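Written below as structure tokens is the structure these notes are about.
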Amino acid sequence: MTILAIETSCDETSAAVVCDGKILSNTVSSQTKLHAEYGGVVPELAAREHLRNLIPVVKSALCEAGILVGQLDAVAATQGPGLPNALLVGFKAAQAVAFALNKPFMGINHHEAHLYSPWISGEPPVADFSKLQPNISLIVSGGHTMLVLVKSELNHRVLGTTIDDAAGECFDKTGKMMGLNYPAGPEIDRLAEQGNPEAFDFPRPLLNDAGDDFSFSGLKTSVRYFIRDNPALLDDAQNICNLCASVQAAIVEVLVKKTIRAAKRNGVRCVTASGGVTCNRALRRELAQVCERECFILHLAGKSLCTDNAAMIGILAERKLLANAPLMPQDEEIKPGLALA
Ligand code: KG4
Ligand code: ZN
């Protein structure tokens, strides 16, 4: 089955062609440079940029895959959650293609696509999906932080979510306080490699709470006060690296410990992780070390599939079509507040 998938939920315009579980192309046009000037995503600008980029991105994905539009069997797009106007661009374009070709259309939950992205080409590559079931899955992105119990393919339940800021937001906002460009997550990751994670002691919110929810706003505020009270710190490059390493250590410790605790409590042997923050090297290292020590099988989404991309949308759409999930009417609407069940 050959599927064209489109993702425009935030600030990445992406189109992918997938066929029989393989990614034939996955074109991503990132808008981060545009939004960096404003210190965060400007929704109206994002939507306009999607409008400008979508056709070239789709053409490039089809061309790289060597697929003509007429060869498509279905079309998929992100239905939500996301920025309303940004979602509209990709979702309506995908519906129009499906309508013109008279082919099935599938709207996909962005988080569900992240959730199954480690199944596509994790590290190590996954040959047999059954080896991953059941698992505890950590989804960590700019807007969400979640722990999900995946009982089997397409059968999952959210155990916990962030009650305020997401981990990615905490990276981005604390980085901004340090004067780093948006999105600060990758920059903190880079600078932290040269820093001492024990230099400064920041809180680990909800670490000892028995539940699976997360909270990162207290950590963010604590970093804000720390910088306010020690402004000279930011004049020294090594201190900035130490600050990055210390903030990162607090975020990573909470994510890893709560994930492993949920895995133990639910009696699973496998752990997966996905979403933009899963690019973070300390998080990947820490999860790998703890999983090895505690004898969990770990599957991380490949780095190119961690940040927003259309391939994960297409792969999930194909699995759903194969599982006979109900097709969507071609006039179905976007769902900006769509939650993961
Ligand atoms: O999944 P994603 O591309 O978009 C959303 O769905 O939100 O995640 C973007 C988030 C941003 O907050 C970004 O700073 C963070 O992922 N991120 C990182 C790294 N790479 C991306 N955070 C920490 N370390 C990284 N290497
Ligand atoms: Zn995402």
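First listed ligand is number 1; within each ligand, the first listed atom is number 1. All values reported here derive from a predicted model rather than from experimental measurement.
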Open item on the list: Quick check on Gly143 - does any of its heavy atoms sit under 4.0 Å from an atom of ligand 1?
Closed with: yes
Open item on the list: Quick check: of its N, O or S atoms, which one does Asp308 have closest to the Zn ion (ligand 2)?
Closed with: OD1
- [ ] Compute the angle centred on the Zn ion (ligand 2) spanning NE2 of His114 and NE2 of His110, and express it rounded to 10 degrees.
- [x] 90°
Is [Y] paired with [X] through a side-chain N to carboxylate O contact shorter than 4.0 Å?
X      : Y      : value
Glu292 : Arg285 : no
Lys220 : Asp164 : no
Lys92  : Glu333 : yes

- [ ] Just do the side chain to side chain contact (heavy atoms under 4.5 Å, CB included) check on Leu243 and Phe200 with the steps written out, would you?
- [x] CA-CA 7 Å; Leu243 195 52; Phe200 311 112; 3.9 Å; yes
Task: Proximal candidate to atom 10 (C) of ligand 1 [heavy atom criterion; set Gly142, Ser9, Gly168] - done: Gly142
Can you list the atoms of ligand 1 that are under 4.0 Å from a heavy atom of [X]?
X      : answer
Ser141 : 1 (O), 5 (C), 6 (O), 7 (O), 8 (O)
His114 : 1 (O), 6 (O)
Cys279 : 20 (N), 26 (N)
Pro183 : 14 (O)
Thr307 : 3 (O)
Gly185 : 14 (O), 18 (C), 19 (C), 22 (N), 23 (C), 24 (N), 25 (C)

Geometry only, no angles: is [X] polar-contacting ligand 1 at N/O separations under 3.5 Å?
X      : result
Asp189 : yes
Gly276 : yes
Asp172 : yes
Glu12  : no

Open item on the list: I want to know whether Phe91 and Phe105 have ring centres closer than 6.0 Å.
Closed with: yes
Open item on the list: Looking only at protein heavy atoms, which one is nearest to atom 24 (N) of ligand 1, and what is the separation?
Closed with: Asn280 ND2, 3.1 Å
Counting only heavy atoms not in [X] (residues, nucleotides, ligands), do more than 12 fall under 6.0 Å from its [atom1]?
X      : atom1 : value
Asn102 : CG    : no
Arg48  : CZ    : no
Lys151 : NZ    : yes
Gln238 : CD    : yes

Region of [X] that comes within reach of ligand 1 [heavy atoms, distance under 4.0 Å]:
X      : value
His144 : neither
Asp308 : both
His110 : side chain

TODO: Answer with yes or no whether the side chains of Ser30 and Glu12 bring together a donor and an acceptor at under 3.5 Å.
DONE: yes
TODO: With Arg269 as the cation and Phe296 as the aromatic partner, state whether NZ or CZ is under 6.0 Å from the six-membered ring centre and within 45° of the axis.
DONE: yes
